[in-house]
K.L.:
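I'd like to ask some things about the structure below.
When a ligand or atom number is given, it counts from 1 through the structure's own listing order. Quantities reported herein were computed from a predicted structural model and do not represent experimental measurements.
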Amino acid sequence: MGLFDFFKKKESTPLEQQALDTGLEKTKDNFLSKISKAIAGKSTVDDDVLDELEEILVTSDVGVSTTLKIIGRIQERVARDKYVSTTELNTLLRDEIQHLLAENNSNDFNSFEYGTHKPYVIMVVGVNGVGKTTTIGKLAHQLKQAGNKVVLGAADTFRAAAVDQILLWGKRVDVRVVAQPMGSDPASVAYDTLKSAVANGDDVAIIDTAGRLHNKVNLMNELTKIKNVMQKVVPGAPHEILLVLDASTGQNAIEQCKQFTQATDVNALALTKLDGTAKGGVVIGISDQFKIPVKYIGVGEGVNDLQLFDRKAFVNSLFNK
Ligand SMILES: Nc1nc2c(ncn2[C@@H]2O[C@H](COP(=O)(O)OP(=O)(O)OP(=O)(O)O)[C@@H](O)[C@H]2O)c(=O)[nH]1
Ligand SMILES: [Mg+2]
């Protein structure tokens with residue numbers, strides 16, 4: 001079985017659905033309890049309810065522009081149907097959010113080209129502590145389970161612990177890691193990793209990078225250098241530049257997304273730490289605002305806690321009582 005099969009759209013298994021439901025619990029509780037408060041004692045969706053709904057969405061980290069779109073649609077619906085009862089509000093909201101996400105992001109992970117590249121090269125970027133290395137470990141595990149040969153490149157050479165951490169993940173999920181001592185040139189590690197991937201006939205190479213480049217010019221230069229070096233070994237690499245964002249940072253995640261998309265050609269997003277945060281609404285805002293698909297979501301620290309993002313399942317889970 002190849003990479004293509006792994007990424008082919010599949011129905012969520014009951015276990016995945018459960019992990020999603022559990023992961024989204026805090027976001028959901030926060031969201032639904034605010035909505036029930038807003039409609040308590042009211043029978044129809046009126047302007048007051050809509051005002052409150054707007055505030056709820058904004059404070060749930062959906063973001064202002066996405067919130068305004070959602071409210072606008074519900075207003076239209078209310079104007080058209082004249083009378084919309086408050087008991088229908090959850091369903092209405094769920095449908096409108098699903099429609100919005102479906103329209104706005106035609107470039108979903110389904111439509112990516114996978115199977116044609118070997119090795120398929122993923123470069124993982126993002127600021128300090130968002131969950132890059134953990135996401136790489138989980139992804140390596142899933143790819144391996146699906147029958148792919150995977151190699152990891154420890155190109156975060158900024159500190160010794162970073163190299164050790166990815167080596168540990170390699171052991172844990174039984175995947176090869178190419179590493180050099182701390183302080184080595186990240187581009188050189190990336191180069192070695194791809195050389196090794198080609199020599200070994202690997203299907204996927206995943207490159208970890210440091211998250212500590214605080215200014216955009218440095219970041220851009222560093223990532224460009226790594227990319228250029230990789231292209232000497234595998235033309236067209238990296239096929240995927242995966243930006244990892246920590247969902248629990250809410251609006252900061254949106255800000256980081258802006259910064260990184262300006263610095264490099266990010267073409268996939270991973271949103272981590274959805275478990276344990278009430279800010280999961282940020283996934284809706286990010287899916288709506290950026291033309292880059294959210295591809296993976298992290299719902300825990302375990303090896304199986306990474307899922308392919310399914311917009312419909314996500315929104316359903318958010319509204320499932
Ligand atoms: N609960 C939860 N924790 C996560 C998730 N993803 C990552 N983490 C935790 O977040 C912390 C940071 O993760 P790392 O993978 O080290 O983050 P990083 O981006 O590689 O960090 P640096 O290498 O320091 O830039 C770790 O304690 C992870 O276990 C997730 O989906 N859920
Ligand atoms: Mg790391």
K.L.:
Counting both backbone and side chain atoms, is some N or O of Thr272 under 3.5 Å from an N or O of ligand 1?
P.N.:
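By distance alone, the answer is no.
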
K.L.:
Is Asp305 close enough to touch ligand 1? Criterion: a residue heavy atom under 4.0 Å from a ligand atom.
P.N.:
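The answer is no: ligand 1 sits nowhere under 4.0 Å from a heavy atom of Asp305.
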
K.L.:
In residues 58-68, what donor-acceptor pairs under 3.5 Å come from side-chain atoms, sequence neighbours left out?
P.N.:
residue: Thr59; atom: OG1; partner: Lys34; partner atom: NZ; Å: 3.1
residue: Thr59; atom: OG1; partner: Glu55; partner atom: O; Å: 2.8
residue: Thr59; atom: OG1; partner: Ile56; partner atom: O; Å: 3.2
residue: Ser60; atom: OG; partner: Ile56; partner atom: O; Å: 2.7
residue: Asp61; atom: OD1; partner: Gln251; partner atom: N; Å: 3.2
residue: Asp61; atom: OD1; partner: Gln251; partner atom: NE2; Å: 3.1
residue: Thr66; atom: OG1; partner: Asp288; partner atom: OD2; Å: 2.7
residue: Thr67; atom: OG1; partner: Gly63; partner atom: O; Å: 2.6

K.L.:
Provide the number and element of each atom of ligand 1 under 4.0 Å from a heavy atom of Asp156.
P.N.:
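Those qualifying, in numeric order: 23 (O).
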
K.L.:
Any N or O on Gly131 sitting closer than 3.5 Å to an N or O of ligand 1?
P.N.:
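Checking ligand 1 against Gly131, an N or O pair does fall under 3.5 Å apart.
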
K.L.:
With heavy atoms of Val299 as the reference, note each atom of ligand 1 found under 4.0 Å away.
P.N.:
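Ligand 1 atoms under the 4.0 Å threshold to Val299: 31 (O).
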
K.L.:
Measuring from the Mg ion (ligand 2), count protein N/O/S atoms under 2.8 Å, please.
P.N.:
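Counting protein N, O and S atoms closer than 2.8 Å to the Mg ion (ligand 2) gives 1.
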
K.L.:
Check the orientation of His117 and His239. Use parallel for under 30°, tilted for 30 to 60°, and perpendicular for over 60°.
P.N.:
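Correct class here is parallel.
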
K.L.:
Check for a donor-acceptor pair, side chain of Asp203 on one end and backbone N or O of Lys149 on the other, with a separation under 3.5 Å.
P.N.:
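Yes, because the side chain of Asp203 sits within donor-acceptor range (under 3.5 Å) of the backbone of Lys149.
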
K.L.:
With respect to atom 32 (N) of ligand 1, which of Asp275, Leu274, Ile297, Thr209 exhibits the smallest heavy-atom separation?
P.N.:
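When every heavy atom of Asp275, Leu274, Ile297, Thr209 is considered, Asp275 comes closest to atom 32 (N) of ligand 1.
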
K.L.:
Near Gly298, which atoms of ligand 1 are under 4.0 Å from a heavy atom of that residue?
P.N.:
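Counting from 1, the qualifying ligand atoms are 31 (O).
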
K.L.:
Ligand 1 and Gly300, any nitrogen or oxygen pair closer than 3.5 angstrom?
P.N.:
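By distance alone, the answer is yes.
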
K.L.:
With no hydrogens and no angle check, is any side-chain donor or acceptor of Ser317 less than 3.5 Å from a backbone partner on Ala313?
P.N.:
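No: the side chain of Ser317 does not pair with the backbone of Ala313.
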
K.L.:
Side chains of Val175 and Ile206: does their closest heavy-atom pair fall under 4.5 Å?
P.N.:
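The answer is no; the side chains never approach within 4.5 Å.
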
K.L.:
What protein heavy atom is closest to atom 15 (O) of ligand 1, reported as residue, atom name and distance in Å?
P.N.:
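Checking every protein heavy atom, the shortest distance to atom 15 (O) of ligand 1 gives Thr134 OG1, 2.5 Å.
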
K.L.:
Any N or O of Thr135 that comes nearer than 3.5 Å to an N or O of ligand 1?
P.N.:
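It does not: no N or O of Thr135 is found under 3.5 Å from an N or O of ligand 1.
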
K.L.:
Does Gly129 come within less than 4.0 angstrom of ligand 1, counting non-hydrogen atoms of the residue?
P.N.:
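Contact check Gly129 vs ligand 1: positive.
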
K.L.:
More than 12 heavy atoms of other residues, nucleotides or ligands under 6.0 Å from CD of Gln18: is that the case?
P.N.:
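Open: at most 12 neighbouring heavy atoms sit under 6.0 Å from CD of Gln18.
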
K.L.:
May I ask whether Val189 and Ile166 are part of the same hydrophobic cluster, defined by side-chain heavy atoms of I, L, V, M, F, W, Y residues being less than 4.5 angstrom apart, directly or through others?
P.N.:
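No, it is not one cluster - the side chains of Val189 and Ile166 are not joined through contacts under 4.5 Å.
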
K.L.:
Determine, stepwise, if the pair Asp156 / Lys132 fulfils salt bridge (Lys or Arg N to Asp or Glu O under 4.0 Å).
P.N.:
CA-CA 10 Å; Asp156 177 0; Lys132 293 181 295 298; 5.9 Å; no

K.L.:
Numbering the atoms of ligand 1 from 1, which are under 4.0 Å from a heavy atom of Glu301?
P.N.:
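Listed by number with element, the hits are 1 (N), 2 (C), 3 (N), 4 (C), 9 (C), 27 (O), 28 (C), 29 (O).
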
K.L.:
Tell me the contacting part of Asp208 for ligand 1: side chain, backbone, both, or neither, using a 4.0 Å heavy-atom threshold, strictly below.
P.N.:
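Asp208 to ligand 1: no contact under 4.0 Å from either part.
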
K.L.:
Does an N or O from Gly211, backbone or side chain, lie closer than 3.5 Å to an N or O of ligand 1?
P.N.:
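In this structure, Gly211 places no N or O atom under 3.5 Å from an N or O of ligand 1.
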
K.L.:
Report the part of Gln307 in contact with ligand 1, treating N, CA, C, O as backbone and CB onward as side chain, heavy atoms under 4.0 Å; options are side chain, backbone, both, neither.
P.N.:
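Within the 4.0 Å criterion, Gln307 makes no contact with ligand 1.
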
K.L.:
Decide if atom NZ of Lys42 counts as having more than 12 heavy atoms of other residues, nucleotides or ligands within a radius under 6.0 Å.
P.N.:
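More than 12 heavy atoms, drawn from other residues, nucleotides or ligands, come within 6.0 Å of this atom.
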
K.L.:
Would you tell me which option among Arg159, Lys132, Lys273 has the nearest heavy-atom contact to atom 11 (C) of ligand 1?
P.N.:
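The nearest heavy atom belongs to Lys273.
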
K.L.:
At a 4.0 Å threshold, what atoms of ligand 1 neighbour a non-hydrogen atom of Asn128?
P.N.:
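Listed by number with element, the hits are 22 (P), 24 (O), 25 (O).
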
K.L.:
Within the structure provided, determine whether Ile254 and Ile286 are in side-chain contact (heavy-atom separation under 4.5 Å).
P.N.:
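Contact flag for Ile254/Ile286 side chains = yes.
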
K.L.:
Can you list the ligand 1 atoms lying under 4.0 Å from a non-hydrogen atom of Gln165?
P.N.:
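Listed by number with element, the hits are 14 (P), 15 (O), 16 (O).
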
